[in-house]
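Since the structure comes first, as structure tokens, the remarks are kept for the end.
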Amino acid sequence: MKSALCDAPGRLPELAERLTRRRWLQLGAAGLSLPLFSQLRRAQASERGDPRANRPNGRAKACIVFFAWGGMSHLDTWDLKPEAGDDIRGEFHPLATKIPGIQISEHLPQLAARAAELAIVRSVCHLASGHREAAYWNLTGHQPKQITAPAIPPSMEDWPVLGSMVAKYLSAQPDGPQRVLPAAVTMPHPCADRGLLNGQYAGFLGNRFAPTFVHPNAGRPYEGISPPTSQIELGMPPGVDAARLSARRDLLQHLERQSEFSDRGPFLATEQAREQAVNLLLSPQVQGAFELAKEPAALRQKYGDHVCGQSALLARRLVESGVPLITINCGAGDLNGGAGSHWDTHGDNFNRLKRDLLPPLDMASGALLDDLRERGMLDQTLVVWLTEFGRTPRITGNGRNHFPNCYSVAFAGGGIHGGQVHGRSDKIGSEPAEAACGPADLHATIFHALGIDPQFTIADLQGRPHPLCEGQPLPIL
């Protein structure tokens, strides 16, 4: 089959139309080259009128994702049902916005005041009811191998997180910038539920493209347990100054060049990771990007004296410094049985939302949108409010349970047309009633906004080619 494709370029649409998904996998396993694989995928999309057929002309240069770890209740935030019964609508009231027909929760007043910049998607769904599997699906855009599975540690078999895929794409561009700062940053903690979460690392792309975990070192911390490995230390080791560290690096590089190993390939990822770590310590650009004290006190206060707000402020500084993808995990890292400042609101949904969770997220979001707009950055910075699933329409006790059948996300900036709602849920928010979509479509929308071709191919550990994303961009751009 491989030889029959050697003169394929003139026959790409014809060949592509005959290839099923299973055949794509067979061709990948048989050694079909990544460039030809990508050409065939693009030709197939073009023949079907797929809007992804050509590389998107994205307006955004960066993306900031607020990830509500634990499962944000769509019925109490983006998609209230005031006409439903007491056991469905809950305690919160809808707050009118300046956009006719759009209402959101009374506990999101900052976002409600900025509804003209928001595109709210109320028809997202998937099949995974467990936190780990659902978060994996939303953070990677790809379905987990098992919808329900025991907790297993992250591995290189996993799909890479969104930021790692962006980093990989940018590294393949011949005109891409030389970076000192990492291409993907996550703050303030990694997510955990019975151990660190799969899908928030680089997976089969390897450590070279792994996100850097950073803590902003400011603001009230989240309550609850978080893994202690999240904070990058930007200070020098004791007794080592910049000159001494630079000399150590030069010596190590000299010894490596003189080593008996002529093939550095197996060590390349480790060397690149080490170089990035040293650059982070030596670069004034890096040190300056992380110094929140350089911001006016009034602006720091506007974002909020909590880790969510200070993470959002740091995200804006990192975008200014050239970091293209920042994820803010809005909650304590480990779900630890329901305790802590995260969105797994089984037992005390309404009190936890209005007291602990919605105020800092709303404050940070409003300040970020204003700050980006005033600096002329909003049109080139996509902001996304994401979660792993919604919560059940029917209230159990004083809480709501896991619910992947229907949930909401929101977008702003980055070329998004604000003041709109895409999709619709049914009268109790139990399933999409119009324009159902899934995590892959959310990722396709992000890639499209960033000018990244969702069909750009990456190879797994077996060398098989895969497109970044198999979803369709939502018509909100």
Side-chain angles (χ1 to χ4, degrees), residues 65 67-71 126-168 182-215 222 224-233 266-270 272-274 276-277 325 327-344 386-389 402 404 439 443 458-464 466 468:
V65 178
F67 184 64
W69 171 225
H126 58 72
L127 302 173
S129 60
H131 290 290
R132 295 183 69 95
E133 297 77 29
Y136 180 99
W137 210 333
N138 279 275
L139 292 172
T140 70
H142 292 266
Q143 181 176 329
K145 293 179 180 178
Q146 294 178 280
I147 299 298
T148 303
I152 57 174
S155 78
M156 292 189 70
E157 298 288 339
D158 295 333
W159 260 91
V161 71
L162 173 65
S164 294
M165 288 188 279
V166 170
K168 173 65 175 178
V185 170
T186 300
M187 62 180 87
H189 307 288
C191 296
D193 176 26
R194 299 163 294 151
L196 289 170
L197 180 71
N198 307 73
Q200 60 183 331
Y201 302 102
F204 57 70
L205 289 180
N207 287 337
R208 177 185 173 192
F209 301 103
T212 299
F213 284 84
V214 175
H215 194 286
Y222 288 120
I225 299 170
S226 290
T229 57
S230 63
Q231 183 173 338
I232 185 171
E233 297 291 345
F267 307 98
L268 185 59
T270 300
Q272 290 169 333
R274 185 195 68 218
Q276 184 182 63
L325 202 296
T327 302
I328 303 170
N329 291 329
C330 304
D334 200 303
L335 300 188
N336 52 75
S341 300
H342 53 72
W343 302 78
D344 194 21
L386 184 65
T387 188
E388 69 259 40
F389 44 50
H402 303 181
H443 277 240
I458 54 178
D460 63 19
L461 295 179
Q462 287 73 43
R464 295 172 298 197
H466 303 273
L468 289 178

*Distance from Leu139 atom CG to Leu162 atom CG, nearest 0.5 Å?*
8.5 Å
*Would you find a donor on one side and an acceptor on the other, under 3.5 Å apart, between the side chain of Asn138 and the backbone of Ala135?*
no
*With a 4.5 Å heavy-atom cut-off, do Ser164 and Pro211 have their side chains touching?*
yes
_Nearest atoms (heavy-atom pairs only) where Tyr201 meets Leu197_ = CE1-O, 3.6 Å
*Kindly state whether the ring of Trp159 and the ring of Phe204 have centres lying under 6.0 angstrom apart.*
yes
_Nearest 0.5 Å, please: how far is CD in Gln143 from CG in Leu127?_
6.5 Å
*Verify the ring-centre separation between Tyr222 and His342: is it less than 6.0 angstrom?*
no
*asked:* Main chain of Asp334, side chain of Arg194: is a donor-acceptor contact present, judged purely on distance under 3.5 Å?
replied: no
*Run through Val166, Leu205, Asp460 and flag the one making a side chain to side chain contact (heavy atoms under 4.5 Å, CB included) with Pro160.*
Leu205
*Any side-chain heavy atom of Phe67 sitting closer than 4.5 Å to one from Cys191?*
yes
*Okay, side chain of Arg132, backbone of Asp193: is any donor-acceptor separation there less than 3.5 Å?*
yes
*Given the rule in the side chain to side chain contact (heavy atoms under 4.5 Å, CB included) test, do Trp343 and Leu335 qualify, once you have shown the distances and angles that lead to the verdict?*
CA-CA 9 Å; Trp343 302 78; Leu335 300 188; over 6 Å; no
_Can you confirm whether Thr148 sits close enough to Glu133 that some side-chain heavy atom of one is under 4.5 Å from a side-chain heavy atom of the other?_
no
_Determine whether Met165 and His443 satisfy the following criterion, side chain to side chain contact (heavy atoms under 4.5 Å, CB included), listing intermediate values before the conclusion._
CA-CA 11 Å; Met165 288 188 279; His443 277 240; 4.1 Å; yes
_Counting the benzene-type ring for Trp, do Trp69 and His189 have ring centres under 6.0 Å apart?_
no
*May I ask you to decide if Ala332's main-chain N or O and Ser341's side chain share a donor-acceptor pair within less than 3.5 Å?*
no
*Just wondering, do Ile152 and Asn198 contact through their side chains at under 4.5 Å, heavy atoms?*
yes
_His126 versus Phe389, closest heavy-atom pair with distance_ = NE2-CB, 4.1 Å
*Any idea which heavy atoms bring Ala128 and Pro404 closest together, and the distance?*
O-CB, 3.3 Å
_Side-chain touch Asn329/Thr186, heavy atoms, less than 4.5 angstrom_ = yes
*Any side-chain donor-acceptor pair under 3.5 Å between His402 and Asp344?*
yes
*asked:* I'd like to check Leu468 versus Ile458 (side-chain heavy atoms, cut-off strictly below 4.5 Å). Are they in contact?
replied: yes
*Would you check if the side chain of Glu388 reaches a backbone N or O of His131 as a donor-acceptor pair within less than 3.5 Å?*
no
